[in-house]
Amino acid sequence: MSAYKSELLQVLSSRGYIHQVSEPDALDALAKSSSLTAYIGFDCTAPSLHVGSLLPIMMLRWLQKTGHRPISLMGGGTTRVGDPSGKDESRQLLTDAMIEQNLNSIRAVFAKFLGFGEGTTDAVMANNADWLNQINYIDFLRDVGRHFSINRMLAFDSVKLRLEREQELSFLEFNYMILQAYDFVELYKRYGCVLQMGGSDQWGNIVNGIDLGRRLAQAQLFALTSPLITTTSGAKMGKTAAGAVWLDAKMVSPYEYWQYWRNTEDGDVARFLKLFTELSLEEIGRLAKLKGQELNEAKKVLATEATALLHGRAAAEQAAVTARATFEEGVTAETLPTIEIQGPALERGLGVLAALHGARLVGSNSEARRLIQNGGLKVNDQTLDDERRILTVADLRNGVIKLSLGKKRHVLLRPV
RNA sequence: GGAGGGGUGCCCGAGUGGUUAAAGGGGACGGACUGUAAAUCCGUUGGCUUAGCCUACGUUGGUUCGAAUCCAACCCCCUCCA
């Protein structure tokens, strides 16, 4: 690590966000002497962002905290084209209305990490649909297309690898990097944005933007990429039993989110503390020294800090309390995820299979039956061995029935 | 437009007329062991009103007692040629 002089690069590099930087010295000097504007692009094919997007969001957050202006660029325009990779499934293109809806809920997530407004370091939310949708093909070819050399584009890894493996590369994909380069220049013109950040796989695209900026606007632009984050065991981040770990509380509750971080692998704890919390490096260094079972304390800190950033301190503390009661004291915490059921249904007697399905612990009755055979389901902490078991009012403990799948997933049924 | 190859379960991939709900692997989930970790081992992995029934091997028809397997048409993907 070279010794950066600007606070921005010091922070990003010491916390492990940096993989590559173009012209680091010039960028460092600029970041030290002035307030930069920088952006990261996000796609909006899903209704919410998930944990995989957290790293770039944190970079924007640090950017703002060190006195610069972040822009989150939504790919409203590029999403309309659809991602050409993954050609096996006939993916439907999203309608404009769906894209708009996704944009709105994603915006809510950003608001938790960044301060938006009109000030000089207030975050900006841009949407490339604003300019991409207007483009006239011929004009675009003449103004932008002439600056791209096919010879050079063919040399980019993303293209070269595909060609070497004789994999199909559509014209659409080939153009993707041109559109992204254009975004960069457009943001430079509109906001004076001089830095694009992104995952290491974006390097080629970003560099294209830098070139285009020089040719089109005589601008000096910069690239900064972050390493691709996988867990120690090599898996991509953000997938669990229940699917993706979304950042929207309606899709993944704060408790579940806390649990996700609590279950971090040992080898990832220190790295994740640096990347996904704002604890000081000294504090993290102390936590990272913990060994064996004690490391669990560090995981709890990670879980609480990471959850606090997204869902607020109160929700995070409550998740921690719920988890302690559930796992360490063996008590049924009332704050576990709760499903309301109809009181009369319980009086009549509710089949466990239906109850489990209703609580969304299982996807089908067959799945529940299998789990019962494997001893993986519990009612009020008692292993369930009879799939015909009927739940009644007599099963209520303190007004709820606790259903458990495995050791970690619990749901309370509460009659209303 | 011509020639050839191919479309199988979450993914990869075997299977060319009869216990095939479909080998094997990956992934995932459950159990054991642990520290709500990793590794390891065991089990499970289409659905339902589960001794049974239904739905499934690109789509639609056909042959047959019986089809993922044979035939026809169509759709889609890949390779080569024009």
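Each chain gets a letter, A, B and so on, in the order its sequence line appears, and its residues count up from 1. Nothing here was measured: the structure is a model prediction, and the numbers come from that model.
- Rounded to an integer number of Å, the gap from CG of A:Leu356 to P of B:C29 is 18 Å.
- Summary of the strand contacts: A:Glu367 and A:Leu371 both lie near RNA chain B, and taking for each the nucleotide with the nearest heavy atom, the more 5' one is attributed to A:Leu371.
- Residues A:Lys299 and A:Asn263 have side chains that never bring a donor and an acceptor to within less than 3.5 angstrom of each other.
- Straight-line distance between the C1' atoms of B:C57 and B:A22: roughly 8 Å, to the nearest whole Å.
- Residue A:Leu405 is classed as a sugar-phosphate contact, given heavy-atom separations below 4.0 Å to backbone atoms only.
- Taking the C1' atoms as reference points, B:U16 lies 9 Å from B:C70, given to the whole Å.
- When ring centroids are compared, A:Phe276 and A:Trp261 come within the 6.0 Å threshold.
- We find that NZ of A:Lys407 is positioned 13 Å from P of B:C29, with the value rounded to whole Å.
- Side chains of A:Gln196 and A:Gln180: a donor on one and an acceptor on the other come within 3.5 Å.
- If you check residues 317-328 of chain A against RNA chain B, the residues with a heavy atom closer than 4.0 Å are A:Ala323, A:Phe327, listed by number.
- Atom pair A:Tyr260:OH and B:A37:P shows a separation of 15 Å (rounding to whole Å applied).
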Residues 332-358 of chain A, side-chain donor-acceptor partners within the protein, below 3.5 Å, at least two apart:
unit_1   : atom_1 : unit_2   : atom_2 : d
A:Thr335 : OG1    : A:Thr322 : OG1    : 2.4
A:Thr338 : OG1    : A:Leu336 : O      : 2.9
A:His357 : NE2    : A:Gly363 : O      : 3.2

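- Every pair tested for ring pair (Phe, Tyr, Trp, His ring centres under 6.0 Å) that includes a residue from residues 379-401 of chain A fails, sequence neighbours excluded, so the list is empty.
- A heavy atom lying under 4.0 Å from RNA chain B marks the following residues of residues 283-302 of chain A, by number: A:Gly292, A:Gln293, A:Asn296, A:Lys299.
- Nucleotides B:A38 and B:C33 are separated by 16 Å at their P atoms, to the nearest Å.
- Environment of NZ in A:Lys112: crowded, with over 12 heavy atoms of neighbouring residues, nucleotides or ligands closer than 6.0 Å.
- Partners of A:Lys300 by salt bridge (Lys or Arg N to Asp or Glu O under 4.0 Å), not counting sequence neighbours, listed by chain and number: A:Glu297, A:Glu328.
- Between A:Leu216 and A:His147, the closest side-chain pair of non-hydrogen atoms falls below 4.5 Å.
- B:C48 and B:C10 are spaced 14 Å apart, taking the P atom of each and rounding to whole Å.
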Every protein N/O within reach of nucleotides 19-21 of chain B N/O, cut-off under 3.5 Å:
none

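- Distance, A:Lys408 NZ to B:A28 P: 12 Å, rounded to whole Å.
- Side-chain N/O atoms of A:Glu256 and A:Ser253 include a donor and acceptor closer than 3.5 Å.
- Under the salt bridge (Lys or Arg N to Asp or Glu O under 4.0 Å) criterion, A:Arg190 pairs with A:Glu186, sequence neighbours left out.
- Of all heavy-atom pairs between A:Leu221 and A:Gly209, the closest is CD1-O, 3.8 Å.
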task: Give the C-alpha distance, both sets of side-chain angles, the deciding distance and a yes or no for side-chain contact (heavy atoms from CB on, under 4.5 Å) between A:Asp28 and A:Phe222.
output: CA-CA 10 Å; A:Asp28 191 36; A:Phe222 299 92; over 6 Å; no

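- Pairing analysis of RNA chain B (Watson-Crick: purine N1 to pyrimidine N3 plus N6-O4 or O6-N4; G-U wobble: N1-O2 and O6-N3; both under 3.5 Å) yields stems of 3 or more pairs at B:1-7 with B:75-81, B:10-12 with B:24-26, B:27-32 with B:40-45, B:46-48 with B:52-54, B:58-62 with B:70-74.
- For the pair A:Leu384 and A:Ile372, the tightest heavy-atom approach, listed with the atom from each and the gap, is O-CG2, 3.5 Å.
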field: Nucleotide-resolved protein contact map, nucleotides 49-54 of chain B, B/S/- at heavy-atom distance under 4.0 Å
entry: SB----

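- Atom name P, nucleotides B:G4 and B:A72: the rounded distance is 13 Å, in whole Å.
- Between the side chains of A:Ser404 and A:His410, at least one donor N or O sits under 3.5 Å from an acceptor N or O.
- Using modelled atom types, one finds no donor on one side chain facing an acceptor on the other under 3.5 Å when comparing A:Arg152 with A:Asn208.
- In this structure, A:Asn374 places its CG atom 13 Å from C1' of B:A28, rounding to the nearest Å.
- Counting only residues at least two apart or on different chains, the salt bridge (charged side-chain N to carboxylate O under 4.0 Å, His left out) pairs with a member in residues 356-370 of chain A are A:Arg369-A:Glu387.
- Candidate nucleotides B:A32, B:G47, B:G35 were compared by shortest atom distance to the side chain of A:Asp266, and B:G35 ranks first.
- One interatomic measurement links the two molecules: CZ of A:Arg409 to C1' of B:G31, which rounds to 16 Å at whole-angstrom precision.
- Comparing the P positions of B:G2 and B:A73 gives a spacing of 14 Å, expressed to the nearest Å.
- Separating the CZ atom of A:Arg262 from the C1' atom of B:G35 is a distance of 8 Å, rounded to the nearest angstrom.
- Nucleotides B:C12 and B:A21 have their P atoms positioned 23 Å apart, rounded to a whole Å.
- Between B:C48 and A:Ser364, a contact under 4.0 Å exists linking OP1 or OP2 to a side-chain N or O.
- Map A:Lys378 and A:Arg370 each onto its nearest nucleotide of RNA chain B; the residue landing nearer the 5' end is A:Lys378.
- Following rounding to the nearest Å, A:Asn263 (CG) and B:A38 (P) show an atom-to-atom distance of 8 Å.
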Check: residues 389-400 of chain A side-chain donor-acceptor pairs under 3.5 Å, at least two apart:
unit_1   : atom_1 : unit_2   : atom_2 : d
A:Arg389 : NH2    : A:Asp395 : OD1    : 2.5
A:Arg389 : NH2    : A:Asp395 : OD2    : 3.4
A:Thr392 : OG1    : A:Ala394 : N      : 3.1
A:Asp395 : OD2    : A:Thr392 : N      : 2.9
A:Arg397 : NH1    : A:Ala394 : O      : 3.1
A:Arg397 : NH1    : A:Asp395 : O      : 3.3

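- Comparing the P positions of B:U59 and B:U64 gives an interatomic distance of 23 Å, to the nearest angstrom.
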Listing, residues 54-61 of chain A side-chain donor-acceptor contacts under 3.5 Å, not counting sequence neighbours, or none:
unit_1  : atom_1 : unit_2   : atom_2 : d
A:Arg61 : NE     : A:Glu278 : OE2    : 2.4
A:Arg61 : NH1    : A:Phe113 : O      : 3.0
A:Arg61 : NH2    : A:Glu278 : OE1    : 3.1
A:Arg61 : NH2    : A:Glu278 : OE2    : 3.4

